Amino acid sequence: APAPGPGPHLQQQLPVFENPVLVEDGDDLTDSEESLFSGLEDSGSESSDEGEGGDADEGDDGDDDGDHKQGKSGEDNDSGVEEKKSTKGKLSKRESKISKAARKEKLAESEHILKPEHLGLTPPADEYKDDTSDEEDIRNTVGNIPMEWYKDYPHIGYDLDGKKIYKPIRNKDELDEFLDKMENPDYWRTVPDKMTGTDIRLTDDQIDLVHRLQKGQFGDAKFDPFQSSVDFFTHETMIHPVTNHPAHKRSFIPSLIEKEKVSKLVHAIKMGWIKPRKPRDDTPQYYDLWAKEDPNAILGRHKMHVPAPKLKLPGHEESYNPPPEYLLTDEERLAWEQQEPEERKLNFLPRAFGSLRAVPAFSRFIHERFERCLDLYLCPRQRKMRVNVDPEDLIPKLPKPKDLQPFPTTQALVYSGHTNLVRCISVSPSGQWLASGSDDHTVRFWEVSTARCVKTIEVEGAVKSIAWNPNPANCLVALAVERAVIIVNPSLGDRLLYSATDQLMAAFEKPEEEAPQPAEWAAAEGEAYEAGFRLTITHNKLVKQVTWHGKGDYLATVIPDNGNAQVLIHQLSKRRSQNPFRKNKGLVQCVSFHPIRPFFFVATQRYVRVYNLLKQELAKKLMANCKWVSSMAIHPGGDNVICGSYDSRLAWFDLDLSTKPYKVLRHHKRALRGVAFHKHYPLFASASDDGTVIVCHGMVYSDLLQNPLLAPVKLLRGHQITRDLGVLDVLFHPSQPWLFSAGADATIRLFT
């Protein structure tokens, strides 16, 4: 027969145990009394079928619904218990009588335990009631693996049977996502779950947890991070020990290791290896911190300390009753008040009082003290480490001028006869004759050794430039007058020479077809021929400069206002003119031929361009580092150039070294008008508007590793400054160390 179940009164008093799994007969009860409260079902029960599960669910529902549904759930449970009893009755018939009696005794004991009067505590709630982990396992049983392994596959993993678990179909595109974002009020709190592939709506508690974690707060809202700590060990002596373990046995046995160490120390003390410590002297010791330092040493401890400057001691004007001459008059007081505070000699007004009792408090006292404190605090004081240098050591070591002779030192002759300023001079290749052009519309030829004017030629305008043909076989002089270049035969010196020059000029035959030229050539006739004129080359604009090539057949002219034809080159033997440049860059100031090689120098306002005439290309561009180039001269060796400028600088260029000046000399006080090299001696000179000519020694060495030696050797005076103009041109004698200078005072001077 089945064992009797618990009575109805026990079911009413213990509604927690309405679950039929626990209120079954004693077949499933184990020997342990605690199994009733373990909260676990007996997995070995034969009655764990579907009906039992259904009854359990119904029992749970009955619990959740409340007291008004407990009666109904009780009835359901009663019916379920009766069915179980009948099933158990059939099973129990097959068993022996001894086991029946044992089960009855156990059931009686369990009933005795389950009585509420014997049970003094409330049974625990079901801890798995709200657990959803089983549901998650049902939805996705892949396991805890990285989901990115399957991001390129249609399935998300495999179940226990080895079958693929496919990803949930998500057909949402961007438009659906946008509509969901607009229409779904819970869109902002919905997140996708990568494990299950579903969307999860976060609860308010979860959102609150996220906000707290984002702010760096603790996840638990009730956790107090600032709760007061309880000291385990107190400062008070307690009667009970912290631990009361019995002492270990080894704590009573002497240590063999320590015995060995002590024996070693005793042996060392006996042998004298270890000295006993001296008794410690506790008396304080004082010593002088700066005893070993020289107080006058610059590199002392406070080597940068400079004492603050002392205030000026008060004078008579600060007396309470100063002498009357220290008191300000009304005008002085008014001027003092109008001055800026920084400009005033005194920062107060002197006043006179009859006695010291009548002197009031100084109104600016706190202000003055504050400014003094600011001066001491804000003004850094530092000792500057000055190096004692002999000033003479800073001057470069230059040779004595006496060692650099010969050079022109004294004025020997004055060539006077012009009535206006002499703009240009030129000397013949032999050095016997000197030609000069002036603003008095004349060209004069002088004998160098006697300063006698041997010939005068009148022209139609001021002579801007004059150049003697460098070829000794020709006796020709080129003049730049207004818009024309006039070729003159002065007929001086050897009669055979100048007559041969005339024959050479007359031997020219005109070509049958004349090509168009930028300048007109015309041969002189009649009176002009008798006066010495041989050819006239007429240009479109005013001619500024004329210069010859070294062979004496070509000459170059500068026409500044002629657009792209500022430089023209003329050939005397063929009477041809040509414009070598398609375009002129800048305003051309002067030009010059290289003395040896086929190079052509063109000086604009700021640059000197060197052109290769054979290759017809730009070879170099020299930067003069000045505002306006006025003149240019080329060393006879051809590797050095000097440029004078209107901002009183002379720049020396070494063409092999750099395109920038090797040295810039600023010896003159005003604009430079002319520069010149000597053909044979290491001399160069510069003429300036300050009325002086400076002669410099400029030695160029054949050793390329040695830089040129530049040293000024003589300052030559003599010209008077006229109309703010001084020396307008300078020139060296071709063979002697003599110097010619042309000035605005209408004279030419020879220095030897």
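Quick caveat, the model's predicted, so the values are computed rather than measured.
A pairwise comparison of heavy atoms in Leu715 and Arg717 identifies CD2-NH2, 3.2 Å as the closest pair. The two residues Leu655 and Gly638 come nearest to each other via the heavy atoms CD1-O, 3.6 Å. Of all the heavy atoms in Leu413 and Ser449, the pair that sits closest is CD1-O, 3.6 Å. The minimum heavy-atom distance linking Pro560 with Leu587 is given by the pair O-CD1, 3.8 Å. Closest non-hydrogen pair, Phe593 versus Thr547, comes out as CE1-O, 4.1 Å. Shortest non-hydrogen contact noted between Leu750 and Trp738 is CD1-CB, 3.7 Å.
Residues passing the side chain to side chain contact (heavy atoms under 4.5 Å, CB included) test with Lys541, sequence neighbours excluded: Ile559, Asn562. Applying the side chain to side chain contact (heavy atoms under 4.5 Å, CB included) test to Ser426 and every residue at least two apart in sequence or in another chain returns Ile466, Trp468. In this structure, Trp548 has no side-chain hydrogen bond (donor to acceptor under 3.5 Å, both in side chains) partners at least two apart in sequence or on a different chain. With sequence neighbours left out, the salt bridge (Lys or Arg N to Asp or Glu O under 4.0 Å) criterion links Arg597 to Asp639. For His441, the ring-ring contact (aromatic ring centres under 6.0 Å, His included) criterion is met by no residue, not counting sequence neighbours. Considering only residues two or more places apart in sequence or on other chains, Lys544 meets the side-chain hydrogen bond (donor to acceptor under 3.5 Å, both in side chains) condition with Gln589. Partners of Thr747 by side chain to side chain contact (heavy atoms under 4.5 Å, CB included), not counting sequence neighbours, listed by chain and number: Val414, Ser416, His719, Asp745, Arg749. For Thr419, the side-chain hydrogen bond (donor to acceptor under 3.5 Å, both in side chains) partners at least two apart in sequence or on another chain are Asp440. With sequence neighbours left out, the side-chain hydrogen bond (donor to acceptor under 3.5 Å, both in side chains) criterion links Asp654 to no other residue.
Annotation: Gln706, atom CD; neighbour count of heavy atoms from other residues, nucleotides and ligands within 6.0 Å is above 12. Under a cut-off of 6.0 angstrom, the local environment of CD in Glu527 is sparse, with at most 12 non-hydrogen atoms contributed by other residues, nucleotides or ligands. Taking a 6.0 Å sphere around CZ of Phe581, one finds it holds more than 12 heavy atoms contributed by other residues, nucleotides or ligands. Environment of CZ in Arg670: crowded, with over 12 heavy atoms of neighbouring residues, nucleotides or ligands closer than 6.0 Å. For CD of Glu520, the number of neighbouring non-hydrogen atoms (other residues, nucleotides, ligands) closer than 6.0 Å is 12 at most. Counting non-hydrogen atoms of neighbouring residues, nucleotides and ligands closer than 6.0 angstrom, the CG atom of Asn388 reaches no more than 12 such neighbours.
Using cut-offs of 30° and 60° for the angle between ring planes, the His635 and Phe677 rings count as perpendicular. Ring geometry for Phe601 against His594 counts as parallel: the plane angle stays under 30°, on a 0 to 90° scale with 60° as the upper cut. Note: Tyr415 and Phe740 have tilted aromatic rings, judged against thresholds of 30 and 60 degrees for the angle between ring planes.
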Please list, one pair per line, the donor and acceptor atoms closer than 3.5 Å that link side chains of residues 471-478 to other protein atoms, with sequence neighbours excluded.
| from | atom 1 | to | atom 2 | distance (Å) |
| --- | --- | --- | --- | --- |
| Asn471 | OD1 | Ala473 | N | 3.2 |
| Asn471 | ND2 | Lys551 | O | 3.4 |

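Remark: of the listed residues Asp689, Asp729, Asp690, Asp689 is the sole one forming a salt bridge (Lys or Arg N to Asp or Glu O under 4.0 Å) with Arg673. When the options Leu404, Val713, Thr409 are evaluated for a side-chain contact (heavy atoms from CB on, under 4.5 Å) with Val695, the one that passes is Val713.
In this structure, the side chains of Phe445 and Cys453 stay at 4.5 Å or more apart for every pair of heavy atoms. Between Val730 and Ser631, every side-chain heavy-atom pair lies at or beyond the 4.5 Å cut-off.
Judged by distance alone, the side chains of His680 and Ser735 never bring a donor and an acceptor atom under 3.5 Å apart. With hydrogens and angles left out, the side-chain atoms of Trp652 and Asn640 include a donor and acceptor closer than 3.5 Å. Side chain to side chain, His668 and Ser648 fail the donor-acceptor criterion of an N or O pair below 3.5 Å.
Considering CD of Gln545 and OG of Ser592, their distance stands at 7.5 Å, rounded to 0.5 Å. A distance of 4.5 Å separates OG in Ser741 from CZ in Phe751, rounded to the nearest 0.5 Å. Going from atom OG1 of Thr557 over to atom CG of Leu568 covers 4.5 Å, rounded to the nearest 0.5 Å. The NZ atom of Lys583 lies 7.0 Å from the CG atom of Asn564; values are rounded to the nearest 0.5 Å.
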Would Leu479 and Val459 satisfy side chain to side chain contact (heavy atoms under 4.5 Å, CB included), going step by step from the backbone distance to the final call?
CA-CA 10 Å; Leu479 318 173; Val459 291; 4.3 Å; yes

Should Leu492 and Val454 be marked as a side chain to side chain contact (heavy atoms under 4.5 Å, CB included) after you check the CA-CA gap, both sets of side-chain angles, and the distance that decides it?
CA-CA 9 Å; Leu492 296 174; Val454 293; 3.8 Å; yes

Working note: His539 + Ile537, criterion side chain to side chain contact (heavy atoms under 4.5 Å, CB included); need CA distance, chi angles, decisive distance, verdict.
CA-CA 7 Å; His539 301 76; Ile537 310 168; 3.8 Å; yes

Run His418 and Ser436 through side chain to side chain contact (heavy atoms under 4.5 Å, CB included) and show every step you take.
CA-CA 9 Å; His418 284 290; Ser436 62; 2.7 Å; yes

For Arg576 and Gln571, what are the C-alpha separation, side-chain angles and deciding distance, and is it a side chain to side chain donor-acceptor pair (under 3.5 Å)?
CA-CA 5 Å; Arg576 283 189 316 182; Gln571 188 178 6; 3.0 Å; yes

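In this structure, Phe732 has its ring center no closer than 6.0 Å to that of Phe684.
Applying the salt bridge (Lys or Arg N to Asp or Glu O under 4.0 Å) test to every pair with at least one member in residues 452-476, sequence neighbours left out, gives these pairs: Glu447-Arg452. Here salt bridge (Lys or Arg N to Asp or Glu O under 4.0 Å) pairs that include residues 422-434, with residues two or more places apart or in two chains, are Arg423-Asp439.
Between the Asp553 side chain and the Ser573 main chain, a donor and an acceptor come within less than 3.5 Å of each other. Between the side chain of Arg483 and the backbone N or O of Asn540, at least one donor-acceptor pair lies under 3.5 Å. Formation of a donor-acceptor pair under 3.5 Å by the Ser686 side chain with backbone atoms of Val675 is not found in this model. Thr536 contributes no side-chain N or O that, together with a main-chain N or O of Ile486, makes up a donor-acceptor pair within less than 3.5 Å.
Stacking of Lys714 on the aromatic ring of Phe407 is not recorded, the 6.0 Å distance cut-off and the 45° axial limit not both being met.
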